[in-house]
Protein chains: 2
Amino acid sequence: MKVERPHQPGDASAELPDDRVAAIRVAALRLFATQGYRATTMADIGAAVGIRGPSLYKHVSGKQVLLAEIMVGTMDALIAAHTEAVDSVDDTREQLRRAVEAHVRYHARRRFEAFVGNREIGSLEQPGRDRILRRRSAYERGFRELIERGVDEGVFTVRSARLVSYSILDMGMGVANWFHDGGEFSVDQLAYQYGDLALRLVAAATAGG
Amino acid sequence: MKVERPHQPGDASAELPDDRVAAIRVAALRLFATQGYRATTMADIGAAVGIRGPSLYKHVSGKQVLLAEIMVGTMDALIAAHTEAVDSVDDTREQLRRAVEAHVRYHARRRFEAFVGNREIGSLEQPGRDRILRRRSAYERGFRELIERGVDEGVFTVRSARLVSYSILDMGMGVANWFHDGGEFSVDQLAYQYGDLALRLVAAATAGG
DNA sequence: CCTACCGATCGGTAGG
DNA sequence: CCTACCGATCGGTAGG
């Protein structure tokens with residue numbers, strides 16, 4: 001006689017993902033970024049952590065869920081960095097500078113997350129896709145409203161806060177496409193220079209003149 | 001007895017692709033842009049032009065070649081628009097404005113080409129990939145050298161021509177991600193405003209003050 | 001964590 | 001331009 005036995009709350013393997021799960025996510029992220037989601041097989045991910053493809057299903061529930069978790073984690077980290085940057089100062093001009101610096105730092109340091117997040121939205125099935133789109137909208141709104149506040153205060157001058165906010169976001173995201181450690185600029189230098197460029201776009205004075 | 005008979009130069013089907021080939025390219029472009037290259041099947045492309053997948057091979061030599069042709073055509077059109085824009089005036093400041101306008105116009109009007117060109121580079125096999133990368137480098141160099149010339153002439157002021165050229169290119173490419181006809185701005189309005197933003201980035205006076 | 005395997009998909013070819 | 005089909009691939013399951 002078979003008894004239906006749902007997973008118990010105390011089941012450690014379901015509630016407390018161990019290091020192995022983290023290693024799988026890191027490997028999947030790297031492979032999704034370098035080969036693309038569809039071109040990456042479960043066997044590839046398994047091999048990257050020293051096991052066979054089917055064994056992955058003891059740790060994660062599937063390839064699609066792996067992608068969704070990676071992308072949600074990426075957006076949450078980006079939004080957290082943005083919130084912290086904006087909350088760290090009161091002056092609107094300085095808030096924009098720090099928000100841009102956080103944005104650029106993220107895209108320089110977490111290039112794989114940026115690649116996957118920007119390229120694989122179409123590979124996400126529902127409801128993961130909507131979860132990501134909501135986060136992206138909220139993130140964009142944060143920049144737009146910051147610029148609108150600066151315009152209201154008279155410290156920024158723009159024709160369209162929307163166009164300028166998109167421009168700032170897009171130029172920062174582009175950093176992920178070419179940045180590498182040991183190049184012409186450090187992450188800090190890059191963040192500062194993009195902060196200056198953003199302030200030029202809103203026609204605010206920059207520190208260096 | 002079998003005789004090796006290479007394709008003759010006079011073979012019309014190889015030299016003069018008809019409307020059907022153009023229709024196949026357009027259908028493939030749309031599907032690659034909306035579903036991704038790997039997620040698009042030859043059967044999908046065939047269905048879009050009213051035939052079966054295997055019948056496509058009477059017109060094109062394969063899926064990979066189709067992608068390469070689309071991407072090379074995209075870059076060549078973009079570079080041609082850039083060259084025409086720059087050659088149309090002498091003043092460096094105006095050359096930058098027109099180059100940015102051409103860049104933005106292209107990314108607003110040819111969104112599918114932009115999506116595929118920016119997302120499917122990794123799907124390209126050699127030698128197609130190198131053909132594309134060479135064109136992209138040349139295009140980027142055009143903007144960078146234009147900015148460097150403006151700096152030499154004293155009409156632009158930038159800390160890094162490279163960073164500013166990347167910024168201008170990236171913000172213009174971003175237009176493809178959200179522009180649609182009937183929205184807040186027309187293509188012409190968009191092109192002009194991005195021209196202004198680019199001139200702000202190089203710290204040159206804009207027409208409107 | 002493994003091997004064996006299922007069911008489905010796909011690019012491209014054969015042969016009309 | 002078609003159907004039939006090949007050979008290969010892949011996500012996920014079964015059952016240890």
Side-chain angles (χ1 to χ4, degrees), chain A residues 2-5 7 11-14 16-25 27-29 31-32 34-71 116 120 122-126 128-129, chain B residues 2 5 7 11-14 16-25 27-29 31-32 34-71 116 120 122-126 128-129:
Chain A
K2 276 165 59 169
V3 178
E4 296 293 332
R5 187 168 58 83
H7 287 287
D11 188 349
S13 69
L16 298 171
D18 53 16
D19 286 341
R20 186 60 60 106
V21 173
I24 291 170
R25 287 217 189 102
L29 170 63
L31 289 163
F32 291 166
T34 54
Q35 306 182 346
Y37 172 75
R38 249 171 161 279
T40 299
T41 70
M42 292 304 275
D44 291 335
I45 300 170
V49 296
I51 63 178
R52 303 287 180 184
S55 303
L56 288 168
Y57 290 85
K58 277 286 167 187
H59 305 284
V60 298
S61 60
K63 192 183 168 190
Q64 178 66 212
V65 168
L66 210 39
L67 176 63
E69 288 171 349
I70 287 170
M71 291 185 72
V116 174
E120 304 292 358
S123 302
L124 266 186
E125 296 165 11
Q126 297 294 16
R129 188 190 299 216
Chain B
K2 276 165 57 166
R5 186 166 59 83
H7 287 285
D11 188 349
S13 69
L16 297 171
D18 54 15
D19 287 342
R20 187 59 61 106
V21 173
I24 291 170
R25 288 217 188 103
L29 170 64
L31 290 164
F32 291 165
T34 55
Q35 308 182 347
Y37 172 76
R38 247 170 162 280
T40 298
T41 69
M42 292 303 277
D44 290 336
I45 299 170
V49 296
I51 62 178
R52 305 286 179 185
S55 303
L56 288 168
Y57 290 86
K58 277 286 169 189
H59 304 284
V60 297
S61 60
K63 193 183 168 190
Q64 177 65 211
V65 168
L66 209 38
L67 176 64
E69 288 171 349
I70 286 171
M71 292 185 72
V116 174
E120 304 291 358
S123 302
L124 266 186
E125 296 165 11
Q126 297 293 19
R129 188 189 299 215

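So that the names make sense, note that chain A is the first sequence line, chain B the second, and so on, each numbered from 1. What you see is a predicted model, and the numbers here were worked out from it, not measured in a lab.
The side chain of His59(A) has dC1(C) as its nearest neighbour among dG11(C), dC1(C), dG12(D). The side chain of Thr41(A) has dG11(D) as its nearest neighbour among dA4(D), dG11(C), dG11(D). Closest contact between the side chain of Met42(B) and the listed nucleotides dG11(D), dG11(C), dT3(D) involves dG11(C). In the set dC2(C), dG11(C), dA4(D), dA4(D) carries the atom at the smallest distance from any side-chain atom of Pro54(B). Of the candidate nucleotides dG12(D), dC1(D), dC1(C), dC1(D) has the atom nearest to the side chain of Ile51(B).
The distance between atom CG of Asp44(A) and atom P of dC10(D), rounded to the nearest whole Å, is 7 Å. When the P atom of dC10(D) is taken as reference, atom CG of Leu56(A) falls 14 Å away, rounded to whole Å.
Within the 4.0 angstrom heavy-atom criterion, only backbone atoms of the sugar-phosphate kind lie near Thr40(B); the bases stay farther away. Lys58(B) comes within 4.0 angstrom of a base, heavy atoms only. Contacts of Gly53(B) with the nucleic acid, taken as non-hydrogen atoms under 4.0 Å apart, are absent.
For the pair Glu125(A) (side chain) and Gln64(A) (backbone), a donor-acceptor distance under 3.5 Å is absent. Side-chain atoms of Glu120(A) do not come within 3.5 Å of backbone N or O of Leu67(A) as any donor-acceptor pair. Under the 3.5 Å distance criterion, the side-chain polar atoms of Ser123(A) are left unmatched by any main-chain donor or acceptor of Tyr37(A).
Under the Watson-Crick and G-U wobble criteria, each requiring two contacts below 3.5 Å, nucleotide dA4(C) is paired to dT13(D).
Under 4.0 angstrom from either OP1 or OP2 of dC1(D) there lies at least one side-chain N or O belonging to Arg20(B).
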